[in-house]
Number of protein chains: 2
Amino acid sequence: MTTRATIADVARLAGVHAGTVSRALNPKTEGRVNRATVARVRRAAKQLGYTPNSIARGLRTSSSLTVGVVVPDLTNPIFPPMVRGIESALAPRGYSAVIVNTDGRDDLERLLVDSLLQRQVDGLIFATGHSEHAAAAEVFERGIKAVMVNRDARGIPFPAVVGDDAAGIRDVLDHLAALGHRRVVHLAGPASFSTGTIRAAAFVTRCAELGLEGRVVAAAAYSVDEGTRLTRGVLGDPADRPTAIVAGNDLLALGAYHALRAEGLRCPDDVSVVGFNDMPFAGDFQPPMTTVRVPHFDLGAEAARLLLGQLEAEATGVSPVRIVLPVHLVVRGSTAPPDQVHAAPG
Amino acid sequence: MTTRATIADVARLAGVHAGTVSRALNPKTEGRVNRATVARVRRAAKQLGYTPNSIARGLRTSSSLTVGVVVPDLTNPIFPPMVRGIESALAPRGYSAVIVNTDGRDDLERLLVDSLLQRQVDGLIFATGHSEHAAAAEVFERGIKAVMVNRDARGIPFPAVVGDDAAGIRDVLDHLAALGHRRVVHLAGPASFSTGTIRAAAFVTRCAELGLEGRVVAAAAYSVDEGTRLTRGVLGDPADRPTAIVAGNDLLALGAYHALRAEGLRCPDDVSVVGFNDMPFAGDFQPPMTTVRVPHFDLGAEAARLLLGQLEAEATGVSPVRIVLPVHLVVRGSTAPPDQVHAAPG
DNA sequence: CATCGTGTCGCAAACGATTGCAGCGATGCT
DNA sequence: AGCATCGCTGCAATCGTTTGCGACACGATG
């Protein structure tokens, strides 16, 4: 393991001072040194295979070219595309990302964020926004640059980039209404998440506009198990059983699938189900899931761009922009016209 | 953005020298300083909210407490659990991971590895092993510590931790044989991957042992599209159509699902399909997929532990250990006894 | 001919921690 | 009492860059 070439080695070989090498190799200061010298330095650097030690550079410039990405759980299939989007925007500017998983635990999140900060990340991207977001609040207090992605944090003026949740819900309701559904229930995500409240609100107003009989039950978490638990409850009284379920996300919808199957009901014949997010392989479920596609990759990329803008802006001004990206309904096999016999028993 | 407390601030407050603070706060050297002083330093540190600047420490100790993780594509659902396993083993030791995606491109991989090295990662974890693995070879040349996970790199003596591919294939073949299948084809992963060749080899030897009529066709990639392409070919002649398909991984199996459906064939009624990996939600596919579960989380965790061992060992000795973790078959809905009418048409 | 830019580059001080070495006082031993 | 020892802590070098400042040479200008 031969030790790497340093800037001093290059300087020696090129016959100049280390400071000059530094300037010659940095595009921003390259103009301040003689063209011939730059060439000589370049040649020497290449010959030695010199690459700057970014730790040393980071120490001097107090920046690490690293951003922290805080997600609840990388295993949730909506996050990998988002992370890739983030990295795709970061890489060209020389930044890279370090990812931490909070598993939804606030105390853990604060610990992890601390460790990220200790690592001198230049900024943070939160995919974990929710009300009472202690970690984000703390970060804001300390004047650290950050952005929210996918979800918003109530009361914390970080820029955010999110999908158009309301429009998505409107689209599914329109679709369901067109199919002939009248009695619909919404499996709402937790009220502590902006996605939960926004989608639920859009649900009730659109139901009203469409003259639909809409009911909403709230999930304690965005999970499969919660989806089946809630659905089981909703299915309780066959008399006023809904003909369609619009789930707060695909996981809840999957839970609905399970509950339906357990009750001996068929989807979409007996009840339609629609998800939200269009997670990978949603089209391969049983049945293929009708859901609304959220551009997670773009969400991530846009968030990263926003953060980079903040980082490279000299001004410390925090402009609480809110970028909302369009979503769109993809209709597959889990929605169909309601079965009139069962739907209107009375 | 009030500037963070440094070791000098703590030293001043505690009335000692910075060097003493450093020793007092480091568990390894804590014994070399008076207990009372340690307490005083601790108090001062806490009062100032001091956390060491890891960049500065890294410069001095020439270690970054960071490891690079090289995956083909984080979007492939087997990798998130692996990454989480890695992080779970890294975190307690103060290390963190930075992840890069190669998209299977060798040139890109070399670039990314270079950027990782420039970032002073202390070691590397490759989930991208294959024959002619240029990036890994280069890393080995330069004497950098690394381990392979999930896949092996032929000829490069890095430690590796993999699943027991051969045993897994044997289990599925036994299962299929017990069901009564005789004519089976294997959708083999690319020969450049150790998983591809090992599983294929196990397939032919077990078929021979079981007296099965086994055929293997090789995929150009581990992808859904390859799976349907290959399956379509296999289904060509109805006369000698196989009654079961054992796919090299779940993605290929999913592709088989698609091809079957396109041909108007039903799974498992007309032909059984089994996957490999048990990716998340494999049980929610249509039909629920019989597959072999690979402990990806544990694979990652074990690999990380191995790497940490290498890093903290003073000796530079590379012991090319190879840890193989057990896998096990999970039977779901995509396998059933063969339909005698179609299976033996002649 | 003296002066003033201008363009180049060297000097040296940071950045914030770690660590070998040496100094110091107190203690133990002869 | 003198000397070696030991426990503790200060000193200062060091890691590899970046960057403000000043020096120097050279051509132009009044």
Side-chain angles (χ1 to χ4, degrees), chain A residues 1-42 44-45 48-66 94 117-122, chain B residues 1-42 44-45 48-66 94 117-120 122 314:
Chain A
M1 174 141 43
T2 123
T3 163
R4 291 206 353 215
T6 77
I7 205 173
D9 298 324
V10 177
R12 203 172 312 121
L13 181 58
V16 295
H17 189 269
T20 305
V21 173
S22 172
R23 279 185 281 256
L25 262 26
N26 183 334
K28 299 205 175 201
T29 52
E30 179 186 334
R32 304 177 53 78
V33 26
N34 191 304
R35 292 178 59 96
T37 310
V38 171
R40 195 148 35 92
V41 170
R42 283 245 185 74
L48 293 174
Y50 168 76
T51 69
N53 181 324
S54 45
I55 298 233
R57 183 209 305 255
L59 178 56
R60 176 60 219 243
T61 63
S62 68
S63 91
S64 56
L65 292 186
T66 300
L117 260 21
Q118 184 169 347
R119 260 194 158 48
Q120 317 293 121
V121 297
D122 295 338
Chain B
M1 175 138 47
T2 127
T3 166
R4 288 200 1 209
T6 77
I7 204 172
D9 298 326
V10 178
R12 203 171 312 120
L13 181 56
V16 296
H17 190 268
T20 305
V21 174
S22 173
R23 278 185 284 256
L25 261 26
N26 184 333
K28 299 206 176 203
T29 51
E30 178 185 336
R32 304 177 53 78
V33 24
N34 190 304
R35 292 178 58 97
T37 311
V38 170
R40 194 149 35 93
V41 169
R42 283 244 185 75
L48 293 174
Y50 168 75
T51 69
N53 180 324
S54 45
I55 297 231
R57 169 188 310 183
L59 178 57
R60 176 60 218 247
T61 62
S62 69
S63 91
S64 56
L65 293 185
T66 301
L117 259 23
Q118 184 170 347
R119 239 168 222 307
Q120 317 293 120
D122 295 337
E314 303 304 319

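First the proteins, then the strands, lettered A, B, ... as listed; each starts at 1. Values reported hereafter were calculated over all heavy atoms of this structure, with side chains retained and with hydrogens, waters and symmetry mates removed.
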For residues 6-18 of chain A, pull every pair meeting salt bridge (Lys or Arg N to Asp or Glu O under 4.0 Å), keeping only residues two or more places apart or in separate chains. Asp9(A)-Arg12(A)
All side chain to side chain donor-acceptor pair (under 3.5 Å) counterparts of Thr51(B), not counting sequence neighbours: Arg4(B)
Heavy-atom nearest pair, Ser64(B) first then Asp122(B), reads N-OD1, 3.0 Å
Kindly write out the residues that satisfy side chain to side chain donor-acceptor pair (under 3.5 Å) with Gln118(B), not counting sequence neighbours, or none if the list is empty. none
Spell out, as yes or no, whether a donor-acceptor pair under 3.5 Å connects the side chain of Ser62(B) to the backbone of Leu59(B). no
Between the protein and nucleotides 24-28 of chain C, which nitrogen or oxygen pairs come in under 3.5 angstrom?
none

Residue list, side chain to side chain contact (heavy atoms under 4.5 Å, CB included) with Arg57(A), at least two apart or on another chain: Pro52(A), Thr61(A)
For Ile7(A), give me all partners under side chain to side chain contact (heavy atoms under 4.5 Å, CB included), at least two apart in sequence or on another chain. Ala18(A), Val21(A), Ser22(A), Tyr50(A)
Roughly how far apart are Asn53(B) CG and Thr6(B) OG1, rounded to 0.5 Å? 9.5 Å
Side chain to side chain contact (heavy atoms under 4.5 Å, CB included) partners for Thr37(A), two or more places apart: Val16(A), Thr20(A), Val33(A), Asn34(A), Arg40(A), Val41(A)
First and last nucleotide of DNA chain D, 5' to 3', lying under 4.0 Å from heavy atoms of chain A: dG16(D) to dG20(D)
Please list, for nucleotides 14-22 of chain C, all pairs of protein and nucleotide N/O atoms separated by less than 3.5 Å.
residue: dA14(C); atom: N3; partner: Arg60(A); partner atom: NH1; Å: 3.1
residue: dC15(C); atom: O2; partner: Arg60(A); partner atom: N; Å: 3.4
residue: dG16(C); atom: N2; partner: Ala56(B); partner atom: O; Å: 3.2
residue: dA17(C); atom: OP1; partner: Tyr50(B); partner atom: OH; Å: 3.0
residue: dA17(C); atom: OP1; partner: Asn53(B); partner atom: N; Å: 3.0
residue: dA17(C); atom: OP2; partner: Ile7(B); partner atom: N; Å: 2.2
residue: dA17(C); atom: O5'; partner: Tyr50(B); partner atom: OH; Å: 3.4
residue: dT18(C); atom: OP1; partner: Arg57(B); partner atom: NE; Å: 3.1
residue: dT18(C); atom: OP2; partner: Ser22(B); partner atom: OG; Å: 2.6
residue: dT18(C); atom: O2; partner: Arg60(B); partner atom: NH1; Å: 2.2
residue: dG20(C); atom: O6; partner: Arg23(B); partner atom: NH1; Å: 3.3

Would you mind listing every salt bridge (Lys or Arg N to Asp or Glu O under 4.0 Å) that reaches into residues 20-31 of chain B, with sequence neighbours excluded? Glu30(B)-Arg42(B)
In residues 33-41 of chain B, what residues come within less than 4.0 Å of DNA chain C, judged by heavy atoms? none
Locate the shortest heavy-atom distance separating Ser54(B) from Gln120(A); write the atom from each residue and the value. N-OE1, 4.1 Å
If every non-hydrogen atom of Leu25(B) is compared with every non-hydrogen atom of Ala45(B), which pair is closest and at what distance? CD2-CB, 4.4 Å
Exercise: identify the closest heavy-atom pair between Ile55(B) and Gly58(A): CG2-C, 3.9 Å
So what is the end-to-end bend of the helix from dC1(C)-dG30(D) to dT30(C)-dA1(D), with 5 pairs used at each end and the value given to 10 degrees? 60°
